[in-house]
Trainee: 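Let me begin by handing over the structure; questions about it come next.
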Amino acid sequence: MTQADQRPAIDPRPLSSYVAWAGNRNKGPILAVFKEIFPKSGDALELASGSGLHVKYFAPHFPSICFHPSDCDADVFGEIKSSRSGDRNANVVDPVLIDIMDPATFPNPKYLLFDVIFVINLFQVAPISIQEGVARLASSALAPDGILAIYGPFMLDGEYTAASNEAFDKEILAAGVAEWGLKDIRDLEKAAARFGLKLARTLDLPTNNFILLFNRLR
Ligand SMILES: C[S@@+](CC[C@H](N)C(=O)[O-])C[C@H]1O[C@@H](n2cnc3c(N)ncnc32)[C@H](O)[C@@H]1O
């Protein structure tokens, strides 16, 4: 049986078997990159955490980083909190409600600036304005030397980077939800630039995904 055969049908709901399948497949390669780029200590904010699968997996590898999960859907918070018991994952704080589309829900930069902000597998199942939202939030909440890491499949210069991404995009578009679909790295760069951020690195990950690393323009 091939991996594609085992893949559940696309379903972006945070606790779906599809999202768990994708997370279990990508968490190892993402961790390998994060081990290279994360600071030794500090605060890391995850946007759109869903079930919290990634913070649960990453936290033990970064004992001096405090992980801050978040989502716009408070119904997932119980699942995120379930990763902690006793000392296990004590460096994961309670999830907070952040809607990337609503600046009123953004963290208050007077209290804390984040060394890292990351978001995994959201852009392809979100409206195009998600780019502006993430850039706006990062411009307000990132520490001066902070990094924004965005993981997922993307287009580049209006082209698919692989046949598998084209097939995936067609599958997402077939769901009939307006504005879903793969976003273009160039559009993300433009949105980031409007908020004083620049694309510093584009990292290739398995199965034609990327990690896009942004930092503040100097
Ligand atoms: C496909 S799931 C991905 C979850 C997780 N990042 C992962 O890879 O397993 C998308 C998540 O994005 C959240 N989400 C969607 N729109 C959002 C928004 N505007 N602001 C914050 N979270 C959002 C959903 O509630 C859901 O938990």
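Keep in mind it's a predicted model, so treat the numbers as computed, not measured. For ligands, and for the atoms within them, numbers begin at 1 and follow the listed sequence. For reference, positions follow the sequence shown, starting with 1.
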Trainee: Does atom CZ of R13 have more than 12 heavy-atom neighbours, drawn from other residues, nucleotides or ligands, at distances under 6.0 Å?
Mentor: no

Trainee: Hydrogens and angles aside, do N26 and H54 bring a side-chain donor and acceptor to less than 3.5 Å of each other?
Mentor: yes

Trainee: Which atoms from ligand 1 have a heavy atom of P12 less than 4.0 Å away?
Mentor: 1 (C), 2 (S)

Trainee: For atom 15 (C) of ligand 1, what's the nearest protein heavy-atom neighbour? Residue, atom name and distance, please.
Mentor: L122 CD1, 3.6 Å

Trainee: Check each of K183, R194, K190 against E132 using the salt bridge (Lys or Arg N to Asp or Glu O under 4.0 Å) test, and report the only one that passes.
Mentor: R194

Trainee: Using a 4.0 Å cutoff against the non-hydrogen atoms of D73, which atoms of ligand 1 qualify?
Mentor: 25 (O)

Trainee: Give the numbers and elements of all ligand 1 atoms closer than 4.0 Å to a heavy atom of I98.
Mentor: 20 (N), 21 (C)

Trainee: Please report which non-hydrogen protein atom sits nearest to atom 24 (C) of ligand 1, along with the residue it belongs to and the distance in Å to one decimal place.
Mentor: D71 OD1, 3.5 Å

Trainee: Do N121 and Y151 pair up side chain to side chain, a donor and an acceptor below 3.5 Å, judged on atom types alone?
Mentor: no

Trainee: Decide whether an N or O pair under 3.5 Å exists between I120 and ligand 1.
Mentor: yes

Trainee: Considering C72, S49, P69 one by one, which has a heavy atom nearer to atom 16 (N) of ligand 1 than any of the others?
Mentor: C72

Trainee: Does ligand 1 come near enough to A48 that some N or O of the ligand is less than 3.5 Å from an N or O of the residue?
Mentor: yes

Trainee: With a 4.0 Å heavy-atom cut-off (strictly under), which part of R13 contacts ligand 1: side chain, backbone, both or neither?
Mentor: neither

Trainee: Report the nearest protein non-hydrogen atom to atom 19 (N) of ligand 1: residue, atom name, distance rounded to 0.1 Å.
Mentor: D99 OD1, 2.9 Å

Trainee: Can you sort out which atoms of ligand 1 are near N121, meaning under 4.0 Å from one of its heavy atoms?
Mentor: 1 (C), 3 (C), 8 (O)

Trainee: Is the ring centre of F62 less than 6.0 Å from the ring centre of F34?
Mentor: no

Trainee: Any N/O of I100 closer than 3.5 Å to an N/O of ligand 1?
Mentor: yes

Trainee: Fit a plane to each ring of F123 and F154, take the angle between them on a 0 to 90° scale, and name the class: parallel (under 30°), tilted (30 to 60°) or perpendicular (over 60°).
Mentor: perpendicular

Trainee: Is the side chain of S49 donor-acceptor paired with the backbone N or O of D71 at a distance under 3.5 Å, no angle test?
Mentor: no

Trainee: In terms of the angle between their ring planes, are F67 and F118 parallel, tilted or perpendicular, with boundaries placed at 30° and 60°?
Mentor: perpendicular

Trainee: List every atom of ligand 1 that sits less than 4.0 Å from any heavy atom of H54, numbering the atoms from 1 in the order shown and giving each element.
Mentor: 7 (C), 8 (O), 9 (O)

Trainee: Quick test: of every protein heavy atom, which one is nearest to atom 9 (O) of ligand 1, and how far off is it to 0.1 Å?
Mentor: V19 CG1, 3.3 Å

Trainee: Could you go through the side-chain hydrogen bond (donor to acceptor under 3.5 Å, both in side chains) check for K56 and N89 one step at a time?
Mentor: CA-CA 7 Å; K56 290 174 199 170; N89 279 355; over 6 Å; no

